[in-house]
Amino acid sequence: MADAATLRSRNAAFWTGAAAGWIRHADRQDEIGRPLGAPAMDRMAARPAERILDVGCGCGGTTAELAVAVGESGAAVGIDIAEAMVTAARQRFPTDRYPGIRFRAADIETLDVVPGAPFDAAYSRMALMLLADPVAGCTTIRRSLRPGGRLAATVFRDGGVNPWMSAAMLGAAPHLGPLPPLPVGDEPGPFSFADPARLARVLTVAGFTAVTITSCDVALDAPDDADAVAEWLVEIGPAGAAYRAAPPAGQASARAGAVRLLDRFREPGVGYRLPAGLWLVTAIAAGADGGSRVSQSADEPSAAARPPVTHYRQPRQDENR
């Protein structure tokens with residue numbers, strides 16, 4: 001596996017190229033993609049006047065939802081590595097409509113704390129798995145929370161319970177130019193936290209306690225518009241930049257390829273139902289001395305770093321049918 005600096009540089013380049021697709025489909029992602037973060041949003045239950053950090057805020061939809069929950073007396077701060085997405089978030093959710101909302105473009109792995117800290121809680125929808133150095137990123141999150149502050153997040157489980165993701169990419173890829181390198185092993189990517197034990201170790205080394213990891217199965221319901229659904233999934237995936245660089249004929253062929261492989265998820269006249277298998281993650285921030293201040297390997301935590309409570313439940317075989 002590449003070193004953290006190489007992975008961080010690769011991440012920055014990928015999200016710079018991917019941002020245009022996420023911005024274009026921001027409204028669709030907010031609406032159809034909401035179930036991906038709903039378990040964590042519900043579990044965190046943001047309260048009026050709280051200060052909430054939204055990690056990996058993208059184009060701002062989740063941050064806006066948090067801003068509404070905490071009200072004018074609270075604050076919701078979204079942070080994302082993609083500067084173009086943060087710019088879009090500011091335009092989509094201006095402070096005159098959302099008084100407590102703020103957005104920052106930064107790599108959370110390289111910060112000591114997020115400006116605006118301390119926060120009462122941190123939320124993240126499908127972003128922790130994308131960190132080049134997840135221990136460093138989660139340590140920053142923990143430092144940015146008040147002692148006892150809570151974390152609620154979702155990440156994907158494995159590809160087998162999220163089959164539509166590979167279907168969109170594999171259908172489009174043969175018709176496009178070169179794609180970015182796909183993640184290997186624990187490198188940042190949608191399934192880097194497929195193993196819940198690794199996720200628990202990362203949070204432990206980062207200084208969180210009372211870690212719980214629970215399987216959740218949700219579904220994304222998309223309209224019965226095959227071309228639009230295919231384009232959305234291709235553009236927000238690893239083939240997005242290559243798709244946008246392709247000539248119109250290549251784009252049409254890529255969409256058609258994705259449509260063919262996504263057809264198994266479509267009910268004609270009703271729409272698409274895309275199954276998603278997630279881990280719901282909750283944890284509590286230890287005090288100022290409760291976690292390591294260095295980025296050590298998540299695969300080799302010290303015994304002293306283990307949390308007093310770590311629960312994770314693997315899904316039964318029949319849960320994903």
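Numbers here are sequence positions counted from 1.
Between Leu220 and Trp164 there is a side-chain heavy-atom pair separated by less than 4.5 Å. In this structure, the side chains of Val202 and Leu128 stay at 4.5 Å or more apart for every pair of heavy atoms. Put simply, the side chain of Phe265 reaches to within 4.5 Å of the side chain of Pro275, judged on heavy atoms. Residues Val135 and Arg201 are not in side-chain contact: their nearest non-hydrogen atoms beyond the backbone lie 4.5 Å or more apart. No side-chain heavy atom of Phe191 sits under 4.5 Å from any side-chain heavy atom of Met129. Arg255 is listed as a side-chain neighbour of Tyr243, based on a closest heavy-atom distance under 4.5 Å. For the pair Phe208 and Leu145, the minimum side-chain heavy-atom distance is below 4.5 Å. For the pair Asp224/Arg266, a side-chain contact is recorded, criterion being any heavy-atom separation below 4.5 Å from C-beta on.
Both Leu261 and Met169 are members of a single hydrophobic cluster when ILVMFWY side chains are connected at heavy-atom separations under 4.5 Å. Note on Leu280 and Val155: separate hydrophobic clusters, where clusters join Ile, Leu, Val, Met, Phe, Trp and Tyr whose side-chain heavy atoms are under 4.5 Å apart, directly or indirectly. Met85 and Ile236 fall within a single hydrophobic cluster, where Ile, Leu, Val, Met, Phe, Trp and Tyr are joined by side-chain heavy atoms under 4.5 Å apart, directly or via other members. By the criterion of side-chain heavy atoms lying less than 4.5 angstrom apart, applied directly or through intervening Ile, Leu, Val, Met, Phe, Trp or Tyr residues, Val77 is not grouped with Tyr123; the two fall into different hydrophobic clusters. One hydrophobic cluster holds both Val218 and Phe193 under the rule that ILVMFWY side chains link at heavy-atom gaps under 4.5 Å.
Between the CD1 atom in Ile108 and the CD1 atom in Ile141 there is a gap of 4.5 Å [rounded to 0.5 Å]. The CZ atom of Arg34 sits 13.5 Å away from the CG atom of Asp221 when rounded to the nearest 0.5 Å. Separating the CE atom in Met126 from the OG1 atom in Thr154 is a distance of 5.0 Å, to the nearest 0.5 Å. Residue Leu36 holds its CG atom at 11.0 Å from OG1 of Thr62, rounded to the nearest 0.5 Å. Distance OG/Ser166 to CG/Leu182: 11.0 Å, rounded to 0.5 Å. A distance of 5.0 Å separates CZ in Arg244 from CD in Glu235, rounded to the nearest 0.5 Å.
At distances below 3.5 Å, not a single donor-acceptor pair connects side-chain atoms of Glu109 with backbone N or O atoms of Arg8. For the pair Ser253 (side chain) and His175 (backbone), a donor-acceptor distance under 3.5 Å is absent. Proximity of a side-chain donor or acceptor of Arg43 to a complementary backbone N or O of Thr282 within less than 3.5 Å is not detected. Within the 3.5 Å criterion, the main-chain N or O of Asp54 finds no donor-acceptor partner in the side chain of Thr63. Side-chain atoms of Trp15 do not come within 3.5 Å of backbone N or O of Ile81 as any donor-acceptor pair. Under a 3.5 Å cut-off, the side chain of Arg157 and the backbone N or O of Leu278 do form a donor-acceptor pair. The main-chain N or O of Pro188 is never found under 3.5 Å from a side-chain atom of Arg10 such that the two would form a donor-acceptor pair. In this structure, Arg273 contributes its side chain and Ala219 its backbone to no donor-acceptor pair below 3.5 Å.
The shortest heavy-atom contact between Pro178 and Ala242 is O-CB, 3.8 Å. Listed here is the closest heavy atom pair of Ala283 and Val211: CB-CG2, 4.1 Å. Of all the heavy atoms in Pro134 and Arg198, the pair that sits closest is CG-NH2, 3.8 Å. When all heavy atoms of Ala167 and Leu262 are compared, the pair lying nearest together is CB-CD2, 4.0 Å. Minimum heavy-atom separation, Gly237 to Phe14: O-CZ, 4.3 Å. The two residues Glu50 and Ala46 have their closest heavy-atom pair at OE1-CA, 3.6 Å.
Aromatic ring orientation, Phe103 versus Phe93: tilted (interplanar angle from 30° to 60°).
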### Task
Report the C-alpha separation of Trp279 and Ser215 in whole Å, then their side-chain angles, then the decisive distance to 0.1 Å, and conclude whether the side chain to side chain contact (heavy atoms under 4.5 Å, CB included) test is met.
CA-CA 5 Å; Trp279 293 121; Ser215 63; 3.7 Å; yes
### Message
Quick one, Arg125 with Glu65, criterion salt bridge (Lys or Arg N to Asp or Glu O under 4.0 Å). Give me CA distance, side-chain angles, the key distance, then yes/no.
### Response
CA-CA 12 Å; Arg125 182 179 85 178; Glu65 187 173 350; over 6 Å; no
### Query
Could you go step by step and tell me if Leu203 and Leu151 meet the side chain to side chain contact (heavy atoms under 4.5 Å, CB included) rule?
CA-CA 10 Å; Leu203 293 171; Leu151 168 69; 3.9 Å; yes
### Task
Could you walk me through whether Leu111 and Ile79 pass the side chain to side chain contact (heavy atoms under 4.5 Å, CB included) test, one step at a time?
CA-CA 11 Å; Leu111 298 177; Ile79 185 170; 3.8 Å; yes
### Task
Starting from the C-alpha separation in whole Å, work towards a yes-or-no answer on side chain to side chain contact (heavy atoms under 4.5 Å, CB included) for Thr140 and Val114.
CA-CA 7 Å; Thr140 300; Val114 176; 4.2 Å; yes
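The side chain to side chain donor-acceptor pair (under 3.5 Å) test with Asp120 is passed by exactly one of Arg146, Arg51, Arg47: Arg146.
A salt bridge is absent between Arg28 and Asp225: the closest approach of a Lys/Arg side-chain nitrogen to an acidic carboxylate oxygen does not fall below 4.0 angstrom. Using a cutoff of 4.0 Å between basic side-chain nitrogens and carboxylate oxygens, Glu231 and Arg24 are scored as salt-bridged.
Within a 6.0 Å radius of CD in Glu187, other residues, nucleotides and ligands contribute more than 12 heavy atoms.
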